[in-house]
There are 2 protein chains.
Amino acid sequence: MRKLKTSRQPEILDAALAIADERGLDALSMRAVAERIGVTPMALYGYFRNKDELLDGLVGRLLTQLAPAEPGGSWQDRLASVAWATRRVAKEHPAVFPLLLFRASVTPDGVRVVDAIYQALLEAGVPEPEVPRIERLVSTFVLGFAVSEVNGRFSGASNESRTRRGGPDAPAHRVLAEHLMVDDWDAEFAADLADLMRIIRPV
Amino acid sequence: MRKLKTSRQPEILDAALAIADERGLDALSMRAVAERIGVTPMALYGYFRNKDELLDGLVGRLLTQLAPAEPGGSWQDRLASVAWATRRVAKEHPAVFPLLLFRASVTPDGVRVVDAIYQALLEAGVPEPEVPRIERLVSTFVLGFAVSEVNGRFSGASNESRTRRGGPDAPAHRVLAEHLMVDDWDAEFAADLADLMRIIRPV
DNA sequence: ACCTGAACACCGTTCAAGT
DNA sequence: ACCTGAACACCGTTCAAGT
């Protein structure tokens with residue numbers, strides 16, 4: 001359990017994020033990061049105990065960008081703002097973003113985001129015992145949507161193979177054939193958020 | 001674009017799934033799979049073009065298990081059955097399951113699952129143009145929940161560090177302190193599904 | 001039709017040493 | 001305080017060859 005240096009941590013994370021953005025997660029090796037900052041791979045181990053901790057640092061970076069900028073506005077505005085910010089970050093860093101789904105966000109930045117959502121839900125009138133669950137419901141959906149969109153789980157299935165999908169054991173696909181094409185994911189995301197708002201505050 | 005052999009594909013996928021289940025995704029190497037079925041690594045390339053296609057095969061395996069067994073029951077029952085089956089599969093194969101979020105499910109099994117959900121939503125009275133969106137909303141949440149649960153995104157954040165989280169810039173955490181502990185994820189999932197049902201069929 | 005051997009260009013990480 | 005060199009035990013994959 002050696003003590004880690006912190007001096008060049010930001011520089012290292014910058015380099016790692018750049019590599020992932022430019023060439024994907026598979027290209028993000030300790031050796032590539034080291035080369036980018038002009039150092040031997042082993043030098044990195046003075047700043048991060050191993051590659052996994054470096055990835056945690058990257059997740060921390062993304063969380064910083066999710067933190068709500070303007071604390072003003074209605075609770076609806078603030079929830080929407082976090083949701084759209086999440087989706088924006090996913091598009092900026094598609095390779096690293098999915099890691100958010102795999103690591104508990106107990107960093108100060110992560111807590112700040114969750115706390116902002118808690119506050120919005122409290123203001124919305126969600127009963128206190130329900131607030132943490134609703135927060136998990138909403139953020140699980142938002143993260144899942146952003147990951148799906150950015151990794152082609154949505155688009156891959158909806159373009160060419162869509163027509164062929166109306167096969168023998170897919171009767172509902174045939175019925176819905178004319179509605180299977182999607183070209184406006186912004187609109188879909190907005191409609192989803194509106195639906196979730198109805199869970200938060202029944203009309 | 002060579003033609004692939006199929007004879008031993010199931011055997012190979014069995015071995016790969018077993019390795020991932022027992023020792024995690026990082027241990028799932030072509031070399032490990034080969035050794036397990038008593039063959040040279042290169043022999044695998046006669047059955048799968050590369051490791052990525054082998055992983056696709058693994059995703060196909062999981063999709064098979066999601067296909068709804070009993071087509072009977074109300075639409076509510078059938079939706080719930082797919083949701084709980086998804087969560088069960090996640091727990092059986094925690095290492096491989098997250099791959100479902102990254103690959104479009106255009107295989108016959110994947111289409112079958114989606115079609116079953118389409119049918120349920122149509123019966124529920126969801127307007128045809130809305131059905132594909134609601135399907136994506138629900139399955140994104142269900143997949144996201146299962147991945148989060150199985151990878152510790154939920155539990156890690158909710159146990160020890162919870163108390164400390166009520167720091168200076170986390171006022172809502174302090175207010176909600178007594179509700180931050182969760183020990184029954186089945187109950188949480190059930191409550192989430194009930195809320196989603198209210199989106200599908202407004203009461 | 002199915003499999004192997006040797007090789008290439010990579011990985012993460014440990015250890016001991018160097019300034 | 002910070003970095004390097006050499007080494008270890010791995011990867012995925014190509015190519016040519018073997019039965």
Side-chain angles (χ1 to χ4, degrees), chain A residues 1-61 93 95-96 98-99 102-103 151-152, chain B residues 1-61 93 95-96 98-99 102-103 151-152:
Chain A
M1 278 292 173
R2 275 191 47 258
K3 197 66 170 40
L4 295 174
K5 292 164 248 165
T6 58
S7 50
R8 302 184 73 180
Q9 276 179 358
E11 185 187 356
I12 293 168
L13 292 176
D14 283 343
L17 199 53
I19 291 168
D21 288 346
E22 292 164 12
R23 289 150 52 209
L25 204 58
D26 286 348
L28 176 56
S29 67
M30 297 299 270
R31 292 164 129 101
V33 173
E35 193 189 17
R36 187 158 188 132
I37 65 168
V39 102
T40 262
M42 281 320 302
L44 301 179
Y45 289 82
Y47 300 90
F48 296 93
R49 238 170 298 267
N50 49 47
K51 188 181 180 180
D52 229 62
E53 291 205 355
L54 195 154
L55 293 180
D56 282 338
L58 246 27
V59 169
R61 270 296 168 82
H93 308 291
V96 177
L99 298 181
F102 300 96
R103 321 208 165 212
N151 280 279
Chain B
M1 279 292 171
R2 277 190 45 259
K3 199 63 172 37
L4 296 173
K5 292 164 246 167
T6 59
S7 50
R8 302 184 74 180
Q9 277 180 358
E11 185 187 356
I12 293 168
L13 292 175
D14 283 343
L17 198 53
I19 291 167
D21 288 346
E22 291 164 11
R23 290 151 50 210
L25 205 58
D26 286 348
L28 177 54
S29 65
M30 297 298 271
R31 291 164 131 102
V33 174
E35 192 189 18
R36 187 158 187 132
I37 66 168
V39 103
T40 261
M42 280 320 302
L44 301 179
Y45 289 82
Y47 300 91
F48 297 93
R49 237 170 298 267
N50 48 47
K51 188 181 180 180
D52 229 61
E53 290 205 356
L54 194 154
L55 293 179
D56 281 338
L58 245 28
V59 168
R61 270 295 168 82
H93 307 291
V96 176
L99 298 181
F102 301 96
R103 321 205 164 214
N151 280 279

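Every chain is numbered from 1 and lettered A, B, ... according to where its sequence line falls, protein lines coming before strand lines.
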Is there a side-chain contact between B:R61 and B:V96 (heavy atoms, below 4.5 Å)?
no
Scanning both residues in full, the closest heavy-atom pair of A:L54 with A:A16 reads CD2-CB, 3.7 Å
Could you run through nucleotides 3-15 of chain C and give me one letter per nucleotide, 5' to 3': B if any protein heavy atom sits under 4.0 Å from the base, S if only the sugar-phosphate is that close, - if neither?
SBB-----BBBBB
Residues forming a side chain to side chain donor-acceptor pair (under 3.5 Å) with B:N50, sequence neighbours excluded
none
Looking at A:R103 and A:D52, is any side-chain nitrogen of the basic one under 4.0 Å from a carboxylate oxygen of the acidic one?
yes
Quick check on C:dC2: is either OP1 or OP2 less than 4.0 Å from any side-chain nitrogen or oxygen of B:S7?
yes
Please tabulate, one pair per line, all N/O donor-acceptor pairs under 3.5 Å involving side-chain atoms of residues 23-39 of chain B, not counting sequence neighbours.
| residue | atom | partner | partner atom | Å |
| --- | --- | --- | --- | --- |
| B:S29 | OG | B:A32 | N | 3.0 |
| B:R36 | NH1 | B:E22 | OE1 | 3.2 |
| B:R36 | NH2 | B:E22 | OE2 | 3.1 |

Intra- and inter-strand pairs of DNA chain D in dot-bracket (Watson-Crick or G-U wobble, both distances under 3.5 Å; | for another strand)
||.|||||...|||||.||
How long is the span from the CG atom in B:L58 to the CG atom in B:D14, to the nearest 0.5 Å?
9.5 Å
Kindly give the heavy-atom pair with the smallest separation between B:F48 and B:I12, and that separation in Å.
CE1-CG2, 3.7 Å
Indicate the atoms forming the closest heavy-atom contact of B:Q9 with B:K5, along with that distance.
NE2-O, 3.2 Å
Write down the distance separating the C1' atoms in C:dA16 and D:dC2, rounded off to the nearest Å.
15 Å
Can you tell me how far CG of B:L44 sits from OH of B:Y47, rounded to the nearest 0.5 angstrom?
9.0 Å
Every protein N/O within reach of nucleotides 16-19 of chain C N/O, cut-off under 3.5 Å:
none

Please give the distance between the C1' atoms of D:dC15 and C:dC3 as a whole number of Å.
14 Å
For B:D21, give me all partners under salt bridge (charged side-chain N to carboxylate O under 4.0 Å, His left out), at least two apart in sequence or on another chain.
none
